[in-house]
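Encoded as structure tokens, the structure appears first; notes follow it.
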Amino acid sequence: MATKPILSVSGVAKTFILHLREGARLPVVNGAGFDLYAGECVALGGPSGAGKSSLLKMVYGNYRVDDGAIRVRDGDEVVDVATAPPRRLIRLRDTTMGYVSQFLRVIPRVGARDVVAEPLIHDGVAPEEATKRAGELLARLNLPERLWALPPATFSGGEQQRVNIARGLIAHRPLLLMDEPTASLDAANRAVVVQLIEEKKRAGVAILGIFHDAEVREAVCDRVIDVTSFGQMAA
Amino acid sequence: MIEQPLLIAEGLSKNYGARIGCRDVSLEVYPGEVLAVVGESGSGKSTLLGLLSTELEASAGRVSYRLRDGRLADLASLGAAEKRLLMRTDWGFVRQNPADGLRMAVSAGGNVGERLMAVGWRHYGHIRDEAIDWLGRVEIAADRVDDDPRAFSGGMRQRLQIARNLVTRPRLVFMDEPTGGLDVSVQARLLDLIRQLVAELGLAVIIVTHDLAVARLLSHRMVVMRHGRVIETGITDQVLDDPREPYTQLLVSSVLAA
């Protein structure tokens with residue numbers, strides 16, 4: 001195991017300011033700090049509304065950070081997501097960080113297999129090879145082949161989520177962020193996702209995620225970080 | 001890997017008499033990146049596009065562009081001939097109203113072929129073949145090559161305008177509300193096409209749109225304009241999911257989720 005963390009969060013704080021509601025302040029996280037190492041899977045724990053999802057989004061650079069640092073190792077460099085210029089952050093996502101959201105954001109007219117293959121093609125894999133690997137992954141996730149060419153807009157929640165997981169896992173990223181990857185899956189497909197996560201870990205990928213399903217969490221997670229244990233939130 | 005910007009705008013301002021079109025806008029666009037300029041009507045986004053593409057003359061500030069030989073040129077210093085060449089070879093401009101970007105009385109094939117001739121293509125057969133190939137890429141059947149765009153639907157015209165602009169492999173394309181005024185289903189097809197072609201050709205694009213969904217689908221970064229100024233910038237998903245400025249919060253919260 002590498003001795004330097006791939007992700008190091010320290011003193012992270014975030015408060016939403018809702019200008020449309022007279023500038024109401026909505027604190028989400030305060031004093032968040034932890035390290036994540038290659039090959040381990042760590043769950044963010046705590047009740048609903050404790051800021052787990054927001055923290056995950058801050059690590060990905062989807063939400064802004066008010067205070068503190070989120071340092072991600074990118075080869076020989078360390079990039080602070082909290083302060084990195086937009087183009088550096090985009091490159092960090094290309095090289096290092098993947099994100100599996102809770103819901104698939106459908107792209108009009110693009111078929112499921114192409115949605116999944118896209119990150120690989122973006123990485124420079126030949127379209128034919130990318131499409132082949134996308135098909136293999138969708139097959140493992142039990143998505144019927146007759147659906148592969150169809151845009152996922154009309155798919156069921158579970159089918160969309162499997163497309164989403166495949167899209168999020170197909171390319172290699174040393175740091176994976178997962179927001180409830182198994183929420184609407186049946187037991188058989190949950191087991192496939194557990195296997196896929198195990199394979200990522202063996203490949204040295206560090207995973208930070210939100211896993212509400214206790215069985216999945218126990219199967220894949222090496223430790224749990226309780227987000228309510230961070231510094232007291234200022235009301 | 002040191003990346004150099006393709007286009008740099010510094011302190012761009014434009015006044016229309018006492019009215020301000022654009023005030024002190026600075027931005028950079030890099031090769032292969034899509035930058036969305038969003039804001040409501042009257043925010044100055046189309047004025048900005050006009051300034052960046054030098055169709056409008058700035059009251060203050062300057063625009064520099066990296067030529068194919070690597071030289072960074074102040075666009076105001078280029079001669080008329082040099083600028084014309086740049087516009088024909090290196091740039092494209094997709095306008096909201098296809099009639100403004102197409103020659104409506106010239107055949108579809110002629111609209112595409114004209115740009116090729118402008119960059120030195122002479123062989124009729126090759127020009128026609130290339131035109132038909134590009135019509136195919138924008139999903140216009142080869143048997144429509146001799147029809148003129150007046151016989152085309154709005155969506156087809158817009159796809160033809162895209163073919164006309166991309167056939168010469170430009171490095172930078174300006175787009176002004178390219179999906180505005182189209183039916184939603186037609187819009188989706190066009191967006192998907194733009195998305196594919198931009199990725200495939202590695203184009204840099206500056207796209208002006210009031211439609212945040214278009215910005216999310218197509219752009220890597222975005223700038224939000226209000227009253228002629230840039231009030232917020234960042235990675236597209238960050239600006240849309242965690243907008244900081246009151247005006248951006250209003251814009252984002254005003255969109256009906258479908």
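Order of the sequence lines sets the chain letters (A, B, ...), proteins ahead of strands, with each chain counted from 1. Given the structure is predicted, the values throughout are model-derived calculations rather than measurements.
- Using a distance-only test at 3.5 Å, with no hydrogens or angles considered, a donor-acceptor pair links the side chain of A/Arg64 to the main chain of B/Asp242.
- Not one N or O on the side chain of B/Gln249 forms a donor-acceptor pair closer than 3.5 Å with the backbone of A/Leu18.
- Summarising the local packing, CZ of A/Arg88 is surrounded by more than 12 heavy atoms from other residues, nucleotides or ligands at distances under 6.0 Å.
- No part of B/Thr236 comes within reach of chain A, as not one of its non-hydrogen atoms sits under 4.5 angstrom from that chain.
- In this structure, the portions of B/Arg189 lying under 4.5 Å from any heavy atom of chain A include both its backbone and its side chain.
- Only the backbone of A/Ile17 comes within less than 4.5 Å of a heavy atom in chain B; its side chain stays farther off.
- Of the atoms belonging to B/Leu217, it is side-chain heavy atoms, and not backbone ones, that fall under 4.5 Å from chain A.
- Heavy-atom pairs under 4.5 Å with chain A peak, among B/Arg216, B/Gln196, B/Gln187, at B/Arg216.
- Counted within 6.0 Å of CZ on A/Arg146, heavy atoms from surrounding residues, nucleotides or ligands total 12 or fewer; the atom is thus considered open.
- Counting only heavy atoms from C-beta outward, the side chains of B/Arg244 and A/His19 never approach each other to under 4.5 Å.
- Smallest separation of non-hydrogen atoms from B/Gln238 and A/Gly61: NE2-O, 3.0 Å.
- With a 4.5 Å cut-off on non-hydrogen atoms, A/Arg21 does not touch chain B at all.
- A 4.5 Å side-chain heavy-atom check between B/Arg195 and A/Val110 finds at least one atom pair inside the cut-off.
- The minimum heavy-atom distance between A/Pro86 and B/Gly234, with the atom names listed, is CG-CA, 4.1 Å.
- Counting heavy-atom neighbours within 6.0 Å of A/Asp76 CG, excluding the residue itself, gives a total of 12 or less.
- No side-chain heavy atom of B/Glu28 sits less than 4.5 Å from a side-chain heavy atom of A/Arg87.
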Could you give me the CA-CA distance, side-chain angles and deciding distance for B/Glu33 and A/Arg91, then say whether salt bridge (Lys or Arg N to Asp or Glu O under 4.0 Å) is met?
-> CA-CA 12 Å; B/Glu33 99 171 325; A/Arg91 203 161 85 233; over 6 Å; no
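- Side-chain contact between A/Arg93 and B/Asp237 is present, with heavy atoms from C-beta onward closer than 4.5 Å.
- By the 4.5 Å heavy-atom criterion applied to side chains, A/Leu20 and B/Ser253 are counted as neighbours.
- A/Phe16 touches chain B through its side chain: at least one heavy atom from C-beta onward sits under 4.5 Å away, while N, CA, C and O do not.
- No donor-acceptor pair under 3.5 Å is formed between the side chain of B/Asp241 and the backbone N or O of A/Asn62.
- Partners of B/Lys45 according to the side-chain contact (heavy atoms from CB on, under 4.5 Å) rule, which considers only residues two or more places apart in sequence or in another chain, are B/Val37, B/Ser43, B/Glu177, B/Val208, B/His210, B/Met225.
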